[in-house]
Amino acid sequence: MTEALPRRRFLIGAATGTAAVTVAGAFAAPDLAAAQPQETAPETKSAPKPETTAAAAETPEYIPEPMQVLTATEAAFVAAAADAMIPADDLSPSGSECGVVTYIDRQLAGAYGAGARMYRAGPFHAAVPGAGNQSPLPPLEFFRAGIKAANDWTKATHGKPLDGLEPAKIAEALKTMEAGKAEFASIGSRPFFNALLTMVMEGFFADPMYGGNRNMASWRMIGYPGLPATYADKIDAFRGKRYDVEPQSIADFS
Amino acid sequence: MAKKLPEVDAVLVGMGWSGSIMARELSKAGLTVVALERGANRVPGEDFTLPGIRDELRFSVRQELMQDPSQETVTFRHGTDKQALPMRRFGSFLPGDGVGGMGTHWNAMTYRFLPSDHSLRSHLTQRYGKKSVPDDMLISDWGVTYDELEGHYDRFEKLCGLSGKAGNIKGKIHPGGNPFEGWRSAEYPNKPLKPSLAGTMFEAATKELGYNPFPAPAGNMSAPYVNPEGVRLGACQYCGHCERFGCEANAKSSPNTTLLPVLAKEPKVDIRDRCYASRLVYDKAGKKVTAVVYVDLRTGEEYEQPAGMVFLSAWVFGNTHMMLHSGIGQPYDPKTGKGVVGRNYCHQVQSQVGVFFEGKEMNPFMAAGSLGMVIDDFNGDNFDHSGMDFLGGGYIALNSTNARPILTRPVPPGTPRWGSEWKEATAKWYRSSASMNCQGSNYSSRGNYLDLDPTYKDILGRPLIRMTYNFTDNDRRMSAFLTEKGAGIAKAMGATHIAANARKGDFDVVPYQSSHNTGGTPMGTDPKTSVVNKYLQSWDAHNLFVLGASVFPQNAGYNPTGAVGALTYWAADAVVNKYLKNPGHLMKA
């Protein structure tokens with residue numbers, strides 16, 4: 001079924017650090033974005049699909065998707081964080097190249113972002129250990145507030161929003177947030193970081209129909225075969241042996 | 001004003017395993033039954049189909065088949081001196097919703113409790129003396145013994161078509177099964193599942209250590225099966241999408257695959273989905289319940305459904321909530337120790353031992369909800385507790401339930417959670433890791449209980465249920481012991497890395513632990529310490545029966561559904577063969 005899908009276009013050879021630079025640029029604020037497109041190396045865009053290459057070396061052609069709810073500033077922040085959490089290397093393209101920003105944008109634009117399946121009645125109290133998140137904000141607004149707080153913090157400490165920093169500084173800033181040591185003005189840096197990391201990983205590993213995990217890059221990286229997952233005739237035959245197949249997703253059966 | 005409907009023989013509140021079993025048994029006895037289910041109807045052939053059913057994000061992460069917390073949730077605090085806060089999302093446990101209840105989306109591990117678990121206080125005091133049970137530990141006997149329940153366990157297992165290997169048939173020990181289990185009248189209806197590599201490694205290591213491994217009793221069909229109701233189940237595909245999912249192959253025992261096809265054709269049974277029971281109408285002087293009030297969620301209209309008998313077959317929180325909100329029975333007070341409703345609330349003190357094997361291809365995605373190898377050597381009172389500083393225990397299992405990548409991609413301890421090093425470790429270990437589960441018991445404690453929250457409300461305007469709960473020292477010591485044993489097995493398996501995480505500190509509602517919550521309406525023989533008698537009949541309303549794990553006086557080191565199924569058949573037998581002939585209290589207070 002996979003070969004019957006013309007929408008799958010690949011390019012090769014981009015599975016290196018250069019891809020990360022390209023993508024971060026694509027999500028930068030508009031004035032910067034205008035200066036970036038040439039970095040997408042248009043001549044390689046139309047490169048024909050190679051005969052076969054190692055799955056991990058295939059990079060989905062990166063075309064930035066329009067954002068539904070994230071502002072350019074927010075999308076740039078998410079891209080910078082996603083690319084630090086999932087850096088491009090020979091295991092996979094970067095987080096944003098895999099569609100993680102698109103995934104997060106769509107999730108936050110939909111029912112999840114609006115606070116579906118969340119008890120939202122007051123009164124409200126500060127969170128206490130063991131009792132879970134107590135923020136009255138639905139996820140979209142929680143992320144908006146968190147991104148603003150994080151950018152305000154990096155501006156105060158490093159003079160720039162997160163996505164304006166060098167990759168090593170981005171990673172360092174995220175580590176400080178992860179440890180809860182970034183002093184955000186409003187929201188806790190650790191809960192915000194954890195929520196962000198959770199969403200990035202969802203976007204990297206969820207079925208590609210949600211906008212992330214393009215080309216099933218994460219599934220190729222770990223060797224998860226995806227669908228149809230019918231192994232009654234394989235569990236014995238492959239006991240102790242690598243089950244190495246081209247992964248398939250929901251779209252391949254729809 | 002609620003619209004009054006014509007009276008029926010019985011109303012059931014909640015249509016999971018216990019509701020479905022009771023509806024079937026009552027309809028066979030010729031009774032008219034109305035079943036109220038707040039969630040949607042679920043039909044496997046329509047709702048659980050490929051490819052959409054393999055959507056981890058939708059079903060596992062966003063929890064589509066679970067109770068919607070915006071409708072009703074639970075408030076939580078660690079102790080009576082703390083402010084309870086609502087669980088704004090479910091985490092540590094996931095209540096079900098919809099026709100089939102949690103039985104739709106469980107893993108289907110279906111154990112029998114040990115004979116001693118059913119008579120726990122008597123057993124422990126006989127073996128270790130009266131002082132062996134601490135004063136604040138509220139464990140008690142069920143009132144019904146294992147021997148009385150055996151035939152009912154057997155019925156439930158045959159309904160489900162369990163795959164497994166018996167260890168004790170009529171007192172004779174059979175190699176390859178669990179030698180500690182109570183006697184069973186027959187072999188399992190289906191042969192064991194095909195093991196995973198990790199399972200075979202666990203089996204070899206535990207044998208070498210002198211333990212007694214056996215295949216986990218599984219509600220996943222090792223071969224197609226026709227149950228005594230005439231319903232056919234398919235063969236398990238080892239897809240690794242059981243818990244939190246429905247089964248497209250009809251290969252997982254659930255109310256939807258074993259009973260609902262029969263009930264759908266039964267004119268005496270009227271299943272009303274999206275109908276949310278709000279309270280029971282209680283005649284305190286007459287000691288009976290006369291009706292159930294509910295809201296039809298499709299229209300918002302309120303109805304009063306009169307009934308000759310009422311069965312609470314919602315989950316632990318739903319059953320307890322309904323008793324408290326309807327004013328039936330005295331609410332439990334932890335300060336005085338008096339009262340019963342909300343008493344004996346327990347959970348499962350689970351811990352994990354992650355195991356990593358360099359270079360081994362374990363295909364962890366070839367899995368099934370109850371595919372596993374287990375030892376029971378450290379469960380219940382299967383080992384001598386003399387001189388130990390805790391009571392209880394649990395099974396230790398290597399279960400190959402899934403490797404769905406959003407939530408299951410273990411890395412060795414010390415690995416960062418993101419970045420290049422994390423990627424490398426994830427790519428390296430995803431296919432070469434497994435996890436052991438230490439299914440610790442949870443013995444009821446004076447301070448752990450359920451009552452009505454004074455502040456927060458559900459969408460019907462009722463107070464939410466409030467859970468006051470924490471681990472006890474007994475729990476932490478038990479978990480440390482069990483997890484240490486698990487780590488020893490990991491070592492014997494030759495693991496490259498071992499991540500043993502005993503339960504420590506305070507209970508946390510965020511990380512998933514187990515949906516094996518129990519208690520709140522405990523069963524027993526003394527109305528001062530129990531809500532229902534040994535037939536699951538309310539002491540305060542003779543035509544009210546409470547079904548499900550809310551009646552457990554304490555939780556054992558097993559998954560609870562086998563015992564829930566057995567108890568439901570047991571109660572149905574008492575209703576049909578005793579109560580209907582002579583309606584009234586089946587036991588003297």
Side-chain angles (χ1 to χ4, degrees), chain A residues 84-87 89 91-92 111-112 115-123 125 127-135 171 174 178 197 200-202 204-207 209-210 218-219 221-232 234-236 238-243 249-254, chain B residues 50-52 54-57 61-63 66 68-70 73 76-78 82-89 91 194-197 200 235-241 249 360-363 365-367 403 405-406 409 417-420 422-424 426-427 430-431 455-457 506-510:
Chain A
M85 290 170 175
I86 302 162
D89 54 25
L91 292 169
S92 85
Y112 175 76
R117 296 188 153 267
M118 183 179 175
Y119 184 79
R120 297 198 50 210
H125 297 270
V128 296
N133 177 31
Q134 293 296 323
S135 170
L174 289 171
E178 183 178 23
L197 179 65
V200 167
M201 291 302 168
E202 284 173 12
F204 190 45
F205 287 105
D207 189 279
M209 73 174 174
Y210 290 100
S218 69
W219 294 1
M221 174 179 114
I222 60 178
Y224 177 64
L227 275 68
T230 46
Y231 301 120
K234 299 186 179 72
I235 186 165
D236 278 341
F238 286 89
R239 188 172 294 108
K241 291 180 199 144
R242 176 92 193 249
Y243 181 67
S249 72
I250 288 173
D252 293 315
F253 295 85
S254 301
Chain B
L50 281 170
R54 299 280 194 265
D55 186 344
E56 183 187 9
L57 183 75
V61 181
R62 299 282 179 259
Q63 303 167 4
M66 308 303 171
D68 179 351
S70 73
T73 187
F76 162 71
R77 56 181 182 171
H78 281 125
K82 306 278 195 319
Q83 162 76 41
L85 296 173
M87 290 175 73
R88 297 194 178 273
R89 291 190 195 282
K194 297 171 186 174
S196 67
L197 173 64
T200 60
C236 176
Q237 295 302 304
Y238 300 80
C239 74
H241 290 70
K360 279 247 193 291
E361 292 290 345
M362 314 196 60
N363 295 325
F365 40 80
M366 297 184 185
I406 301 176
R409 38 187 168 77
R417 296 196 294 162
W418 51 279
S420 298
W422 164 80
K423 278 182 79 175
E424 203 178 309
T426 303
Y430 171 76
R431 297 186 321 277
T455 307
Y456 295 95
K457 303 266 197 289
D506 296 325
F507 174 70
D508 188 329
V509 301
V510 177

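Hydrogens, waters and symmetry mates are skipped; everything else that's a heavy atom, side chains included, is used. Throughout, a chain's letter reflects where its sequence line sits, starting with A, and its residues are numbered from 1.
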Examine whether an atom of [X] lies under 4.5 Å from a heavy atom of chain A, and if so say whether it belongs to the side chain, the backbone or both; otherwise answer neither.
| X | result |
| --- | --- |
| B/R417 | both |
| B/A403 | backbone |
| B/K360 | neither |
| B/Y238 | both |
| B/F507 | backbone |

Nearest atoms (heavy-atom pairs only) where [X] meets [Y]:
| X | Y | value |
| --- | --- | --- |
| B/P195 | A/R239 | O-NH2, 2.6 Å |
| A/Y243 | B/M366 | CG-CE, 3.6 Å |
| B/N363 | A/K241 | ND2-O, 2.9 Å |
| A/G132 | B/V509 | N-CG2, 3.9 Å |
| B/D68 | A/R117 | OD1-CA, 3.2 Å |

| query | Can you list the residues that meet the side chain to side chain donor-acceptor pair (under 3.5 Å) rule with A/N133, with sequence neighbours excluded? | reply | none
| request: Look at A/A111, A/S218, A/P129, A/P225 and state which one has the largest set of heavy-atom pairs under 4.5 Å with chain B. | output: A/P225
| message | Can you tell me how the ring of A/Y231 sits relative to the ring of B/F365, calling it parallel under 30°, perpendicular over 60° and tilted otherwise? | response | tilted
